[in-house]
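Atoms within each ligand, like the ligands themselves, are counted from 1 in listed order.
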Amino acid sequence: MSDFLKGFREREYPRQREYHYETQCPFCSMQCKINLDEDRTGQKPRYKATPLKSDPVSEGRLCPKGIYSYSHAFSAARLRTPLLKVGETFTPVSWEEAFDWVKEKITSLQKNYGKNAMSVYGSGALTNEKAYLLGKFARVAIETKYIDYNGRFCMSSAASAANQAFGVDRGMTNPLSEIPEAECIILAGTNIAECQPTMMPYFRRAKANGCKIIVIDPRETLTSKIADIHLKIKPGMDAALVNGMLKVIVDEDYVNHTFLQESVNGGGELLAFARTIDLNNIVSITGVEKELLVEAARLYGRAKTGFVFTARGVEQHAKGVKNVRNYINLVLLTGKIGKSGCGFGTITGQGNGQGGREHGQKADQLAGYRSIENPEHRAHIAKVWGIEEASLPRKGVSAYEMFEKINEQEIRGLLVLGSNPAVSNPNARFVKEALKKLDFLIVIDPLLSETASLADLILPGSTYLEDEGTMTNLEGRVILRRAVKKLPGEAKLDWKILCEIASVLGKEPYFSFKTAEEIFEELRLASSGGIADYMGISYERIEKEKGVFWPCPSDEHRGTPRLFGKGIFYHEDGKAKVMSVPHHFPEERTDEEFPLTLTTGRILMHYQTGVQTRTAPELNKTSEPYVEIHPDTAADLGLTDKGLARIVSRRGEIVLPVKFSAGIREDTVFVPFHWEGNMNINQLTLPELDPESRMPEFKACAVRVTTLEMGSMENQLEKREVLV
Ligand SMILES: Nc1nc2c(c(=O)[nH]1)N[C@H]1C(S)=C(S)[C@@H](COP(=O)(O)OP(=O)(O)OC[C@H]3O[C@@H](n4cnc5c(=O)[nH]c(N)nc54)[C@H](O)[C@@H]3O)O[C@H]1N2
Ligand SMILES: Nc1nc2c(c(=O)[nH]1)N[C@H]1C(S)=C(S)[C@@H](COP(=O)(O)OP(=O)(O)OC[C@H]3O[C@@H](n4cnc5c(=O)[nH]c(N)nc54)[C@H](O)[C@@H]3O)O[C@H]1N2
Ligand code: SF4
Ligand SMILES: [Mo]
């Protein structure tokens, strides 16, 4: 029996009334292991999730999303048959009809408009096997250059910055177990207590050992509660704030000169730049207190060990890459890397945000973190796939830019797997309108997301309980999730759907996989010799060793829990790079008409666009959409706590209940992005993209907040017409 079938415990005991599933939470990058019990006797609560004590990552903890993560998988809302839109309504069809439809549509589209008229959109929620397969599917089955994924909105700025500075992009340079060894930790734009809650005890342990924690965030959050210093920064001003810290570190000489000389390029220039910084100017443009900034720089500068962690607060900006480069400058200038308790990390977001960005669903990338424009890399992958190198497409465009191409009708067909782009893209109104222009949209999803509701064909896919495969967590540890539950109705495994579409398109020989493990075996070969080298990682090893850290180039290799030992980096000369980052401001500055800065993010109880977590009544109960605003700002605007406010940007407007918080900056408002339709805050966000990573500016745009009676866009337009 194959490992895949062995995973089907339910199938092995068909008449059982109590079921036990060993799985892991599908949501964030911690990937906590779960024991899920299902009772069909009616004598106990139907589902009960408990943590797995032996899990070295979660150490036996689960957050509320993990506890209720069975909700969407067992939900009555699960899609059970393919659904074809006939007129305005979805009609159930057989898989045979669905595949015939797909074949006809893709073939005739490409005949009329060329191969690149069809496009593919993936996700960091997918297993490594599916992410890899989707990259191959786009290039070999569809033969298109247009593939990208939701990770573009997630990890791309940090990925570019780490590649530039270190020559490799692995979220954390060290395992979680080293966090308690640090004397000082900087948490910049990362709300770990709500977004990776089971990670918090590592920081509490550090604190108990005397570690000082510095939080950099425009708001007080559950995470900032553990801070010794909270720098309440103006959104978008991280690069400037770090320049202030660099100034103190250089002037007071906490620089590790030996390390800088031996292991880093660009040190001299950065030191000279830091000396020119005017601290008073930094204080006025970042909105933080000078004493606190200086104290934070001293704490980090003087500490013998330390970490800097960033997340989307720093990265989701039109200059997100430069922001992260500056945080990495802090690490390299003080030499706090490559040793125990010393390093850098971008806190990975999605369950497989890490692996999802390594194996080829990015527009410019092939498996093993290879480049699609590099002749040697192309040749390696072409050989593994058994195709001609010349037939491999070149690089495409980033996620949001795909929707621009859809709007221009250069792209006319789209297949989405594991994402809800109609809601998660910036400037969502534009994106929705663009989607409506497509000749056809195919969505593979277990649930009816807003994007799926716009589709011409929905294919019922799988959830984490049914689907086997590996996920790479925030530490770079590759872990295995077994399939434990049968699919509902006629739903199919995602990877089987891709293989069957490939087969009807005549590409069966390249997609004849029988199990997820077979896909992984090919991924190992494809990644071999690449930067993200998985060659030495097997399902058997992962289970035996409770995960293996990449790079792991051979069976004998032990894996790499900590990167950059002995100060050796991944650039050809073995050195890391620092660079000076002059100050910059958000792309859209506030003005009289739009005087406040809107920043967006997450809350504990919901996950992303909420499609999955909204199926859990327990999570819904405690969380409604809202706009967080300082009471003084609200008073000036005539707003009351729990009353309604209208929020208007240059791209759209939205009405939300008000939530007072004395912990947020007075010039800033915060809205979580977990809701669809007219509650979707992305109707307001700015599609300005980072020139290097193509990350949109989700974390800062100019808005006006008013009572309902005032300031609607229509009023504004009327006013303008009167003026004209
Ligand atoms: N509960 C929950 N957990 C999740 C998710 C979820 O949807 N819900 N999603 C997962 C995913 S995909 C991701 S990417 C991660 C995201 O994890 P995080 O990045 O930690 O989450 P966010 O809330 O997007 O942003 C973090 C913080 O950045 C702050 N911030 C805003 N603007 C700025 C700024 O200009 N500078 C600085 N320094 N800070 C700023 C916000 O106030 C916020 O507290 O979470 C993962 N975990
Ligand atoms: N304003 C604002 N916008 C943001 C962000 C922000 O901070 N602010 N953050 C951005 C970030 S970091 C991210 S990661 C994106 C996330 O954005 P999305 O990826 O669009 O959001 P999700 O809600 O995770 O959508 C996942 C969809 O895929 C389905 N799905 C999940 N797992 C699987 C699977 O295994 N198979 C199949 N077939 N389907 C599956 C779910 O049912 C759901 O419909 O949003 C981005 N958008
Ligand atoms: S959401 Fe993250 S922290 Fe919470 S249980 Fe799931 S994997 Fe663990
Ligand atoms: Mo993300």
Side-chain angles (χ1 to χ4, degrees), residues 24-34 49 51 55 57-58 61-69 72 78-79 121-127 130 149-156 192 194-200 311-313 315-316 347-353 356 399 416-426 428 443-452 459-464 466-467 469 471 473-474 491-495 497 598-602 604 606-615 671-674 676 680-686 695-699 701:
Q24 69 205 34
C25 176
F27 299 134
C28 87
S29 51
M30 287 293 286
Q31 288 297 291
C32 306
K33 294 276 182 191
I34 299 181
D55 175 9
V57 182
S58 71
R61 294 182 284 273
L62 283 179
C63 84
K65 288 183 300 303
I67 290 173
Y68 297 111
S69 61
H72 70 277
R78 280 290 296 270
L79 302 172
Y121 193 98
S123 164
L126 304 176
T127 57
K130 288 192 281 184
Y149 79 123
N150 66 6
R152 186 66 68 171
F153 302 150
C154 186
M155 307 303 305
S156 64
I192 290 168
E194 303 207 49
C195 295
Q196 293 81 13
T198 58
M199 189 180 177
M200 281 307 275
R312 308 310 84 74
E315 301 158 14
Q316 288 174 328
I347 308 290
T348 299
Q350 298 178 84
N352 197 27
V416 176
L417 174 61
S419 183
N420 187 9
V423 182
S424 55
N425 265 263
V443 174
I444 307 175
D445 205 298
L447 296 162
L448 188 69
S449 67
E450 188 169 333
T451 307
L459 300 174
S462 44
T463 70
Y464 70 109
E466 297 123 20
D467 202 3
M471 307 281 276
N473 81 351
L474 75 177
K492 275 185 194 271
L493 296 176
D494 296 333
W495 64 263
I497 299 175
L598 165 72
T599 192
T600 61
R602 296 160 167 81
L604 175 64
H606 277 298
Y607 190 70
Q608 316 278 55
T609 66
V611 179
Q612 297 165 98
T613 43
R614 274 197 309 274
T615 61
V671 178
F673 84 108
H674 304 301
E676 300 183 318
N680 177 11
I681 192 61
N682 275 326
Q683 298 172 97
L684 274 62
T685 49
L686 188 68
M695 165 71 87
E697 181 117 315
F698 285 119
K699 290 290 194 267
C701 76

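For ligand 3, the atoms lying closer than 4.0 Å to a non-hydrogen atom of C32 are 3 (S), 5 (S), 7 (S), 8 (Fe). Taking every heavy atom of I444 and a limit of under 4.0 angstrom, the matching atoms of ligand 2 come to 37 (C), 38 (N), 39 (N). Interface atoms of ligand 2 facing L417, defined by a heavy-atom separation under 4.0 Å, are 38 (N). Atoms of ligand 3 found under 4.0 Å from any heavy atom of F27, numbered from 1 in the order shown, are 1 (S). Heavy-atom contacts of C154 reach the following atoms of ligand 2: 12 (S), 14 (S) (cutoff under 4.0 Å). Near Q31, with a cut-off below 4.0 Å to any heavy atom, the atoms of ligand 3 are 7 (S).
C63 lies apart from atom 6 (Fe) of ligand 3 in this respect, since none of its N, O or S atoms is found at a distance under 2.8 Å. Among the backbone and side-chain atoms of C28, an N/O/S atom is found under 2.8 Å from atom 2 (Fe) of ligand 3.
Comparing R602, E466, R152 by heavy-atom distance to atom 11 (C) of ligand 2, the nearest is R602. When the heavy atoms of H72, Q608, Q316, M155 are ranked by distance to atom 24 (O) of ligand 2, first place goes to Q608. Nearest-residue assignment for atom 42 (O) of ligand 2 (options D445, N420, L447; heavy-atom criterion): D445. Between G601, P672, S419, it is S419 that holds the heavy atom closest to atom 27 (C) of ligand 2. Among G418, G151, P696, the residue whose heavy atom sits closest to atom 26 (C) of ligand 2 is G418.
Using a 4.0 angstrom heavy-atom cutoff, K699 counts as in contact with ligand 2. P197 counts as a contact of ligand 3, since one of its heavy atoms falls under 4.0 Å from the ligand. Distances shorter than 4.0 angstrom occur between a heavy atom of S462 and an atom of ligand 2. Residue contacts with ligand 2 include P446, since one or more of its heavy atoms lies under 4.0 Å from the ligand.
Closest protein heavy atom to atom 37 (C) of ligand 2: D494 OD2, 3.4 Å.
Residue contacts with ligand 3 for M199 are absent, since no atom lies close enough (heavy atoms, distance under 4.0 Å). Under 4.0 Å from ligand 2, heavy atoms of S424 appear from its side chain as well as its backbone.
Counting only heavy atoms from C-beta outward, the side chains of K699 and T685 never approach each other to under 4.5 Å.
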